[in-house]
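A, B, ... follow the sequence lines: proteins, then strands. Residue 1 opens every chain.
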Protein chains: 2
Amino acid sequence: MTDPAGGRQNLGLLCFYPHRAVEARLFAALAAAGFDDITLAQGRIAARIGPGGTRLTDLAAQALVTKQTANHLVDQLERAGYVRRVPDPTDGRARLVQIAPRGEQVVALARRVEAEVEAEWTAHLGEEATAQLRAALERLREVTDPYR
Amino acid sequence: MTDPAGGRQNLGLLCFYPHRAVEARLFAALAAAGFDDITLAQGRIAARIGPGGTRLTDLAAQALVTKQTANHLVDQLERAGYVRRVPDPTDGRARLVQIAPRGEQVVALARRVEAEVEAEWTAHLGEEATAQLRAALERLREVTDPYR
DNA sequence: CCATCTAGTCAGATAGGCTGACGACCGTCA
DNA sequence: TGACGGTCGTCAGCCTATCTGACTAGATGG
């Protein structure tokens with residue numbers, strides 16, 4: 001976050017462009033498919049929901065927002081029919097946030113778009129460079145992602 | 001934005017972690033140095049200001065926000081003494097947003113932190129892999145950054 | 001069976017972002 | 001040279017995302 005055009009940009013900023021590009025593509029595709037009542041913030045929370053459902057507290061921690069914010073977003077997602085809350089059988093206090101049928105459709109579409117974008121990038125960079133990029137980013141995640 | 005832990009994450013999401021890490025480091029360092037009245041959104045706008053100053057409209061376009069939002073953030077930055085607005089000599093309608101002396105200090109600090117983070121990453125990945133990563137990201141920018 | 005911890009909720013505040021409408025100024029073309 | 005469409009920045013009003021702080025209900029360990 002500090003390089004005016006040209007010159008050597010810092011790696012953090014360089015990472016930003018592809019991320020933003022994917023997010024924008026995803027978002028546009030969802031809107032085009034009729035899922036136009038979902039926001040970026042909601043998507044970022046929804047993306048952390050695991051196969052069997054995930055606790056609110058865990059979602060909040062992984063998305064780096066407070067429980068209140070996560071709760072608020074899950075409320076909206078639930079109202080729109082993308083997720084549902086079920087009691088956690090192993091803990092009476094907790095509830096699991098699960099993907100509802102309508103949400104499954106979104107996930108499926110999102111995966112298709114992601115694959116599409118990746119295919120374009122691979123075409124631009126070449127197979128080998130793309131594989132190296134992925135490997136480098138995965139290793140970098142070890143030191144940059146607090147939840148992993 | 002759709003992979004629950006494990007498995008192969010999409011490249012867009014993988015790009016997100018390093019970006020967030022740099023931003024967080026930068027932010028913490030600024031706060032520690034006494035620049036605790038600057039917000040992320042302000043920083044994202046300020047980071048686009050070029051050497052001779054940049055028009056509000058350009059800042060807005062590059063940061064992908066509306067002119068109104070950019071204007072609001074520049075107001076705050078100006079009030080805090082980080083930037084100033086001067087008339088654009090070549091266009092009576094426009095004004096240039098320039099970095100003020102206090103802002104220069106921030107830029108200098110930011111560059112130091114960025115260099116520091118990059119050194120850490122290089123230590124983790126190795127010289128060669130880091131160079132490849134940079135090259136791949138730069139090429140990717142050609143197809144993901146609308147303002148290039 | 002009490003002390004304490006954890007999951008989630010409620011209330012209120014703020015920042016960041018949008019759309020829409022607008023006045024001032026620019027450039028161009030008849 | 002003067003009228004017109006486009007651009008630069010601004011004002012007003014609104015919604016969404018996010019935070020801090022205080023609270024309730026269930027869990028857990030002595």
Side-chain angles (χ1 to χ4, degrees), chain A residues 1 20 23-24 27-28 30-31 35-50 52-80 82-98, chain B residues 1 20 23-24 27-28 30-31 35-50 52-80 82-98:
Chain A
M1 109 194 198
R20 182 178 67 188
E23 215 168 50
F27 213 62
L30 289 179
F35 301 110
D36 54 356
D37 56 346
I38 197 167
T39 68
L40 269 179
Q42 288 167 20
R44 287 177 188 143
I45 284 289
R48 317 308 247 252
I49 300 175
T54 304
R55 290 190 192 179
L56 184 64
T57 303
D58 293 338
L59 290 179
Q62 287 175 40
L64 293 189
V65 299
T66 60
K67 288 186 296 180
Q68 290 84 338
T69 298
N71 190 36
H72 179 59
L73 295 169
V74 168
D75 277 349
Q76 299 174 324
L77 287 166
E78 189 170 33
R79 236 179 293 124
Y82 293 112
V83 307
R84 64 168 163 252
R85 287 188 243 228
V86 302
D88 183 336
T90 73
D91 188 332
R93 294 166 303 177
R95 294 155 79 190
L96 295 175
V97 180
Q98 297 180 331
Chain B
M1 104 200 203
R20 182 178 66 188
E23 213 168 50
F27 212 62
L30 289 179
F35 301 110
D36 53 356
D37 56 346
I38 197 167
T39 67
L40 268 179
Q42 288 167 22
R44 287 179 188 142
I45 284 289
R48 317 308 247 251
I49 299 175
T54 304
R55 290 189 192 180
L56 184 64
T57 302
D58 293 339
L59 291 179
Q62 287 174 40
L64 292 188
V65 300
T66 59
K67 289 186 295 180
Q68 290 84 338
T69 298
N71 190 36
H72 179 58
L73 295 170
V74 168
D75 276 349
Q76 299 174 325
L77 287 166
E78 189 171 35
R79 235 179 293 126
Y82 293 112
V83 307
R84 64 169 162 252
R85 286 188 243 229
V86 302
D88 183 336
T90 72
D91 188 332
R93 293 167 302 179
R95 293 158 77 190
L96 295 174
V97 180
Q98 297 179 331

| task | Would you classify Thr57(A) as touching base, sugar-phosphate or nothing, given that sugar-phosphate means primed atoms plus P, OP1 and OP2, and contacts are heavy atoms under 4.0 Å? | result |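 Thr57(A): backbone/sugar contact only, no base atoms under 4.0 Å.
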| task | Indicate, with a heavy-atom threshold strictly under 4.0 Å, whether His72(B) touches base, sugar-phosphate, or nothing. | result |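 If one applies the 4.0 Å heavy-atom cut-off, His72(B) turns out to touch nothing in the nucleic acid.
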May I have the distance from [X] (atom [atom1]) to [N] (atom [atom2]), rounded to whole angstrom?
X	N	atom1	atom2	result
Leu96(A)	dG8(C)	CG	C1'	13 Å
Lys67(A)	dC23(D)	NZ	P	15 Å
Phe27(A)	dT16(D)	CZ	P	12 Å
Asp75(B)	dG9(D)	CG	C1'	11 Å
Asp37(B)	dT14(C)	CG	C1'	16 Å
Leu64(A)	dC19(D)	CG	C1'	14 Å
Asp58(B)	dT7(D)	CG	P	13 Å
Asn71(A)	dT16(D)	CG	C1'	15 Å

| request: Tell me which of Gln76(A) and Leu56(B) sits closer to the 5' end of DNA chain D, going by the nucleotide each one is nearest to. | output: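 Of the two residues, Leu56(B) wins.
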| Per the atom types in the model, does the base of dG21(D) pair as donor or acceptor with the side chain of Gln68(A) at under 3.5 Å? |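 Side chain to base: pair present.
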Looking at [atom1] of [X] and [atom2] of [Y], how far apart are the two atoms once the value is rounded to the nearest 0.5 Å?
X	Y	atom1	atom2	result
Asp58(A)	Arg48(A)	CG	CZ	12.0 Å
Ile45(A)	His72(A)	CD1	NE2	11.0 Å
Asp91(A)	Leu96(A)	CG	CG	9.5 Å
Gln62(B)	Thr57(B)	CD	OG1	11.0 Å

What's the shortest heavy-atom distance between [X] and [Y], and which atoms?
X	Y	result
Val74(B)	Leu59(B)	CG2-CD1, 4.3 Å
Gln98(A)	Ile49(A)	CA-CG2, 4.3 Å
Gln42(A)	Leu73(A)	CG-CD2, 4.0 Å

| request: Respond yes when some side-chain nitrogen or oxygen of Thr69(A) is under 4.0 Å from OP1 or OP2 of dC19(D), and no when none is. | output: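 Checking Thr69(A) against dC19(D): at least one side-chain N or O falls below 4.0 Å of OP1 or OP2.
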| task | For the side chain of Thr66(B), starting at C-beta, report the closest nucleotide among dT19(C), dG9(D), dT9(C). | result |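 Between dT19(C), dG9(D), dT9(C), the one nearest the side chain of Thr66(B) would be dT19(C).
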| request: Check every atom of dC8(D), dT9(C), dA17(D) against the side chain of Arg55(B) and return the nucleotide holding the closest atom. | output: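 Nearest listed nucleotide: dC8(D).
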| Members of residues 85-95 of chain B that approach DNA chain D, where some heavy atom sits under 4.0 Å away |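 Going residue by residue through residues 85-95 of chain B, the ones with a heavy atom under 4.0 Å of DNA chain D turn out to be Arg85(B), Arg93(B), Ala94(B), Arg95(B).
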